[in-house]
Amino acid sequence: MQKIVIVGGNRLTGRVKIAGAKNATLPVMAATILAPGISVITNVPRLRDVITMKLMLETLGAKVAFEQGVLTLDTTDCGPHEAPYDLVRTMRASVYVLGPLLARFRRARVSLPGGCAWGPRPVDLHIKAMEALGARVSIDHGYIVAEADELKGANLHFDVSSVGATGNAMMAACLAKGKTVISNAACEPEIDALARFLNKMGARISGMGTQVVEIEGVESLRPAESAVIPDRIEAGTFMAAAAITKGTVRIANCNPAHLSSVISKLSEAGAQIMQDGSELVVSAAARPGAVNVTTAPYPGFPTDMQAQMMALACTAQGTSLFVENIYSDRFTHVPELRRMNADITVEGNVATVNGLDRLSGAQVMATDLRASAALILAGLVAEGMTEVSRIYHIDRGYEAIEKKLSQLGAEIWREED
Ligand code: EPZ
């Protein structure tokens with residue numbers, strides 16, 4: 001296993017290029033199953049999760065090439081094979097193949113995802129959507145088994161806004177007979193991008209990016225090309241890195257329109273943020289001010305930025321409150337931050353952070369993707385050396401994060417643990 005080592009104290013300065021969004025890449029890769037032929041996806045980040053989804057599609061019969069940020073996917077020979085447990089358990093997003101397999105082959109056998117570091121992550125809304133579209137769904141030895149004579153358009157309402165379930169329902173509805181209306185649909189940019197890719201394949205989707213999405217079913221779809229949108233969470237992470245180190249960083253290749261809640265919160269914490277086309281310049285001259293963060297579905301403050309924002313709050317002047325509304329107990333970064341002398345108490349889904357003017361470097365352990373990023377951010381300003389172990393978590397969602405931070409002036413490197 002590898003670890004990332006950081007010696008804290010350097011201000012970050014310079015320019016960082018944001019990669020394509022992991023959470024936009026994965027559903028579009030799954031969507032290529034819907035149409036036999038060769039689709040091409042560009043601006044693809046080199047991440048472990050992309051490799052896992054590539055393996056998943058190959059297991060289902062696709063031929064997938066991934067070079068220089070370009071995915072070429074030939075799904076001609078895809079079959080309704082099984083999405084196996086050993087792949088699905090490593091990446092929950094594998095469940096995105098459920099809708100496309102059901103839509104194209106009228107049957108699917110997909111392993112239930114395991115839990116994750118922060119509680120169970122059910123797929124009941126995915127299953128409910130498939131059933132509403134006419135599928136018979138059962139659970140057999142840990143697998144979702146779905147079959148349908150035909151899929152028929154339906155009115156779907158999600159009690160909880162779900163990115164994954166909205167994506168799966170949209171993909172299945174594209175080839176259903178008649179019209180599907182999804183209400184309380186997820187508005188995340190990654191789902192908006194998925195809908196636009198599906199329309200390029202010949203789907204007839206409207207209302208994407210809003211809470212009511214309409215899909216007119218079509219007979220068939222065709223392969224298409226797509227460029228992945230910038231990763232708003234990677235961008236937000238580097239914005240927080242600029243703020244926590246009191247540096248000045250130009251964030252290139254991002255989409256500021258996807259970052260309004262993060263821009264607003266970091267500005268509230270005292271950072272100066274200037275937009276320059278598709279770039280943001282983030283600078284901070286003093287210790288951040290305390291802020292209150294409440295996570296919510298897009299365009300609310302993203303849960304995937306909660307841990308990173310908490311690292312910033314650990315060094316703020318004053319007390320910050322964090323309310324995590326998307327997941328139960330997504331606070332596994334708290335015990336690790338406490339090892340760095342952070343002053344945090346947790347009550348249910350609320351964390352109270354008393355900011356300190358100094359954190360201390362320590363050996364800490366990554367527990368999930370965004371918690372790892374938070375520990376690295378804390379290490380950038382902690383006094384002395386911080387070692388973050390189990391960084392395979394961070395490689396799932398950040399392309400060479402230590403190289404990008406080192407180019408911005410951080411004293412950071414990767415070594416065998
Ligand atoms: C997506 O996960 C993202 N992953 C997550 O990012 C992100 O945290 C999450 O959306 C919320 O924004 C990808 O896009 C690959 P949900 P997803 O369905 O689709 C509950 C990262 O760091 N729920 O929107 O799995 C669920 O338990 C990852 O990149 C059900 O109850 O999330 C959660 O409380 C981490 N039943 C809430 O809904 C269901 O069937 C939101 O989950 C599905 C979800």
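Both counts, for ligands and for their atoms, begin at 1 and track the order of listing.
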NZ/NE/NH1/NH2 to OD/OE distance under 4.0 Å, Arg250 and Glu279:
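Judged by the 4.0 Å cut-off on N to carboxylate O distance, Arg250 and Glu279 do form a salt bridge.
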Which option wins on minimum heavy-atom distance to atom 16 (P) of ligand 1: Leu194, Ile233, Val163?
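Among Leu194, Ile233, Val163, the closest heavy atom to atom 16 (P) of ligand 1 belongs to Val163.
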What do you reckon, does Gly164 have a nitrogen or oxygen under 3.5 Å from a nitrogen or oxygen of ligand 1?
yes
Please report whether ligand 1 has a polar contact with Ile326, defined as an N or O pair separated by less than 3.5 Å (distance criterion only).
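Yes: some nitrogen or oxygen of Ile326 is under 3.5 Å from one in ligand 1.
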Under 3.5 Å between any N/O of Asn23 and any N/O of ligand 1: does that happen in this structure?
yes
Could you tell me whether ligand 1 has any atom less than 4.0 Å away from a heavy atom of Pro122?
yes
Out of all atoms in ligand 1, which are within 4.0 Å of some heavy atom of His126? Include the element for each.
40 (O)
N or O pair under 3.5 Å between Leu125 and ligand 1
yes
Yes or no: does Arg92 have any heavy atom under 4.0 Å from an atom of ligand 1?
yes
Could you tell me which atoms of ligand 1, counted from 1 in the order shown, lie closer than 4.0 angstrom to a heavy atom of Lys22?
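In order of numbering, the contacting atoms are 21 (C), 29 (O).
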Strictly below 4.0 Å, N to O, side chains only: are Arg196 and Asp192 in salt-bridge contact?
yes
Which option wins on minimum heavy-atom distance to atom 26 (C) of ligand 1: Tyr327, Phe158, Tyr298?
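Comparing heavy atoms across Tyr327, Phe158, Tyr298, the nearest one to atom 26 (C) of ligand 1 lies in Tyr327.
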If you round to the nearest 0.5 Å, how far is CZ of Arg396 from CD1 of Ile51?
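Going from the CD1 atom of Ile51 to the CZ atom of Arg396 covers 13.0 Å.
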Check whether any N or O atom of Tyr96, backbone or side chain, sits under 3.5 Å from an N or O atom of ligand 1, and answer yes or no.
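No - when backbone and side-chain N and O of Tyr96 are compared with those of ligand 1, no distance drops under 3.5 Å.
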Calculate, to the nearest 0.5 Å, the distance between atoms CD1 and OG1 belonging to Ile18 and Thr237 respectively.
8.0 Å
Can you list the ligand 1 atoms lying under 4.0 Å from a non-hydrogen atom of Val160?
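By the 4.0 Å cutoff, the relevant atoms are 38 (O).
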In ligand 1, the atoms that come under 4.0 Å of a heavy atom of Asp304 are 5 (C), 6 (O), 7 (C), 8 (O), 21 (C), 22 (O), 28 (C), 29 (O), 35 (C)
Is Lys22 paired with Glu190 through a side-chain N to carboxylate O contact shorter than 4.0 Å?
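Not counted as a salt bridge, because no side-chain N and carboxylate O are separated by less than 4.0 Å.
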Just let me know how Leu369 lines up against ligand 1, side chain, backbone, both or neither, with a heavy-atom cut-off below 4.0 Å.
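Contact part for Leu369 vs ligand 1: side chain (C-beta onward).
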Could you check whether Lys3 pairs with Glu416 (Lys NZ or Arg NE/NH1/NH2 to Asp/Glu carboxylate O, under 4.0 Å)?
no
Using a 4.0 Å cut-off to any heavy atom of Thr303, which atoms of ligand 1 qualify?
8 (O), 11 (C), 12 (O)
Near Val123, which atoms of ligand 1 are under 4.0 Å from a heavy atom of that residue?
39 (C), 40 (O)
Look only at interatomic distance and state if Ala93 has a nitrogen or oxygen under 3.5 Å from any nitrogen or oxygen of ligand 1.
no
Between Arg390 and Asp417, does any side-chain N to carboxylate O distance fall below 4.0 Å?
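Salt bridge between Arg390 and Asp417, a charged N being under 4.0 Å from a carboxylate O: no.
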Could a heavy atom of Arg330 be found less than 4.0 Å from some atom of ligand 1?
yes
Identity of the nearest option to atom 22 (O) of ligand 1, non-hydrogen atoms only, from Glu234, Arg370, Lys128
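It is Arg370 whose heavy atom sits nearest to atom 22 (O) of ligand 1.
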Residues Lys265, Glu268: salt bridge by 4.0 Å N-O rule:
yes
Answer yes or no: is there an ion pair linking Arg48 with Asp395, defined by an N-O contact shorter than 4.0 Å?
no
Could you tell me if Arg46 sits above the aromatic ring of Phe66, with its cationic atom closer than 6.0 Å to the ring centre and no more than 45 degrees from the axis?
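So Arg46 does make the cation-pi contact.
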Would you call Arg330 and Glu324 a salt bridge, taking side-chain N to carboxylate O under 4.0 Å as the test?
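Salt bridge absent between Arg330 and Glu324.
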Salt bridge or not for Lys63 and Asp77, using N-O below 4.0 Å?
yes
